[in-house]
Amino acid sequence: MTRFTPEQLEAARDRVVPDVVAGGLSVLFCGINPGLMTAATGHHFARPGNRFWPVLHLSGFTPRLLRPDEQGELLSYGLGITNVVARPTARADELSREEYRTGGRLLVEKVERLAPRWLAVVGVTAYRTAFDEPKAAIGPQERVIGSTRVWALPNPSGLNAHWTAATMAEEYARLREAATGTP
């Protein structure tokens, strides 16, 4: 993995990280926003402590552990990645409520256009804020966007100590089973 200086990471605040998307996906995973490591590399969930890629594999979504630079392979599995907010930050708490709300509106437009079977927001707090649903919990949501069902998943950040990789993988596997109809 490439090492970045603090200056290089700060310079990444102005970068746009392209979505990994296509029409008709089985699951569109939606992060909160790109971290600076993600922005610097151009690869989603690139920070070494982030557990997204291991959890995706442990839950059965991918047949092997993918690296962030292999994110394009997700499309072959019917999976994609986007974010609630496009602006890269060092921490999600740098985002305003209005950025989340605006991101939620833009996300609805994206989901209506791409029509994935499921939208999986990885971070229940981000989901609550973006969609103004303060009581939302981890799991399937009542909200439907067009024909797309919505699921709130635990945030795979290494800072989320409430969830281990194993317990996250169990929740991600519940989504996989709902999305594919196979245990």
Side-chain angles (χ1 to χ4, degrees), residues 17 19-21 24-35 38 44-45 47 49-61 74 78-183:
V17 180
D19 291 341
V20 178
V21 296
L25 295 170
S26 177
V27 179
L28 177 59
F29 290 96
C30 181
I32 299 169
N33 75 308
T38 288
H44 293 273
F45 301 103
R47 188 172 184 85
N50 194 293
R51 299 170 290 180
F52 178 78
W53 297 104
V55 166
L56 212 58
H57 174 61
L58 289 170
S59 65
F61 271 111
L74 289 177
L79 308 173
I81 303 176
T82 190
N83 287 289
V84 175
V85 177
R87 182 172 72 91
T89 60
R91 296 179 324 277
D93 65 7
E94 295 177 44
L95 301 173
S96 70
R97 291 183 75 72
E98 189 53 39
E99 282 179 291
Y100 278 108
R101 288 189 185 115
T102 299
R105 288 190 294 275
L106 294 172
L107 182 58
V108 165
E109 292 172 11
K110 188 178 298 184
V111 168
E112 287 173 341
R113 187 175 70 253
L114 296 172
R117 196 170 314 139
W118 286 91
L119 170 67
V121 180
V122 296
V124 70
T125 303
Y127 176 79
R128 289 173 183 154
T129 307
F131 292 101
D132 197 27
E133 293 192 20
K135 296 191 185 306
I138 296 292
Q141 305 300 306
E142 290 184 24
R143 174 181 298 274
V144 177
I145 303 169
S147 62
T148 301
R149 301 277 319 273
V150 180
W151 198 294
L153 289 169
N155 184 337
S157 166
L159 301 175
N160 184 2
H162 291 59
W163 291 80
T164 66
T167 57
M168 271 191 270
E170 290 172 10
E171 187 62 31
Y172 281 56
R174 285 183 59 219
L175 169 60
R176 181 186 51 75
E177 291 168 11
T180 64
T182 57

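Within the 4.5 Å cutoff, the side chain of Val150 has no heavy atoms near those of the Phe131 side chain. Using a 4.5 Å cut-off on side-chain heavy atoms (C-beta onward), Glu171 and Thr167 make no contact. Residues Pro116 and Val111 are in side-chain contact: their nearest non-hydrogen atoms beyond the backbone lie under 4.5 Å apart. Looking at Thr38 and Arg47, their side chains never come closer than 4.5 Å, going by heavy atoms from C-beta outward. Thr82 places none of its side-chain heavy atoms less than 4.5 Å from the side chain of Leu114. Annotation: side chain of Pro140 is in contact with side chain of Arg174 (closest heavy-atom distance under 4.5 Å). In this structure, Pro34 and Asn83 have side chains that are in contact, with non-hydrogen atoms separated by less than 4.5 Å. Under the 4.5 Å side-chain criterion, counting only non-hydrogen atoms from C-beta, Asn33 is not in contact with Glu94.
Distance check, rounded to the nearest 0.5 Å: OH of Tyr172 to CH2 of Trp151 gives 12.0 Å. For the atom pair CZ of Arg97 and OG1 of Thr129, the computed distance is 5.0 Å after rounding to the nearest 0.5 Å. The CG atom of Leu25 sits 10.5 Å away from atom CD1 of Ile81, with the distance rounded to the nearest 0.5 Å. A distance of 4.5 Å separates CD in Glu133 from CZ in Arg143, rounded to the nearest 0.5 Å. To the nearest 0.5 angstrom, Glu99 atom CD is 8.5 Å from Thr89 atom OG1. How far OG of Ser96 is from CZ of Arg87: 7.5 Å, rounded to the nearest 0.5 Å.
For the residue pair Val27 and Ala120, the shortest heavy atom distance occurs at CG1-CB, 3.9 Å. Taking both residues in full, the closest heavy atoms of Gln141 and Ala136 are given as OE1-CB, 3.4 Å, listed atom of the first, atom of the second, then distance. When all heavy atoms are compared, the tightest approach of Ala169 to Ser59 is O-CB, 3.4 Å. Residues Ala152 and Ala137 share a closest heavy-atom pair of CB-O, 3.8 Å. Scanning both residues, Pro156 and Val122, for their nearest heavy atoms gives CD-CB, 3.9 Å. Contact record, Ser26 with Arg117: O-CB, 3.2 Å, taken as the closest heavy-atom pair.
Taking the six-membered ring for Trp and thresholds of 30 and 60 degrees, Phe61 and Phe29 have ring planes more than 60 degrees apart, a perpendicular arrangement.
Panel note: side chain Arg51, backbone Trp163; a donor-acceptor pair is recorded below 3.5 Å.
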Could you walk me through whether Phe45 and Leu56 pass the side chain to side chain contact (heavy atoms under 4.5 Å, CB included) test, one step at a time? CA-CA 11 Å; Phe45 301 103; Leu56 212 58; over 6 Å; no
Please test Leu107 against Leu119 for side chain to side chain contact (heavy atoms under 4.5 Å, CB included), starting from the C-alpha separation and ending with a verdict. CA-CA 10 Å; Leu107 182 58; Leu119 170 67; 3.9 Å; yes
Run the numbers on Val84 and Ile32 for side chain to side chain contact (heavy atoms under 4.5 Å, CB included), then give the verdict. CA-CA 5 Å; Val84 175; Ile32 299 169; 5.6 Å; no
Evaluation steps, side chain to side chain contact (heavy atoms under 4.5 Å, CB included), between Lys110 and Asp19: CA-CA 11 Å; Lys110 188 178 298 184; Asp19 291 341; 2.6 Å; yes
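Shown here is Glu98, whose CD atom has more than 12 heavy atoms of other residues, nucleotides or ligands within 6.0 Å.
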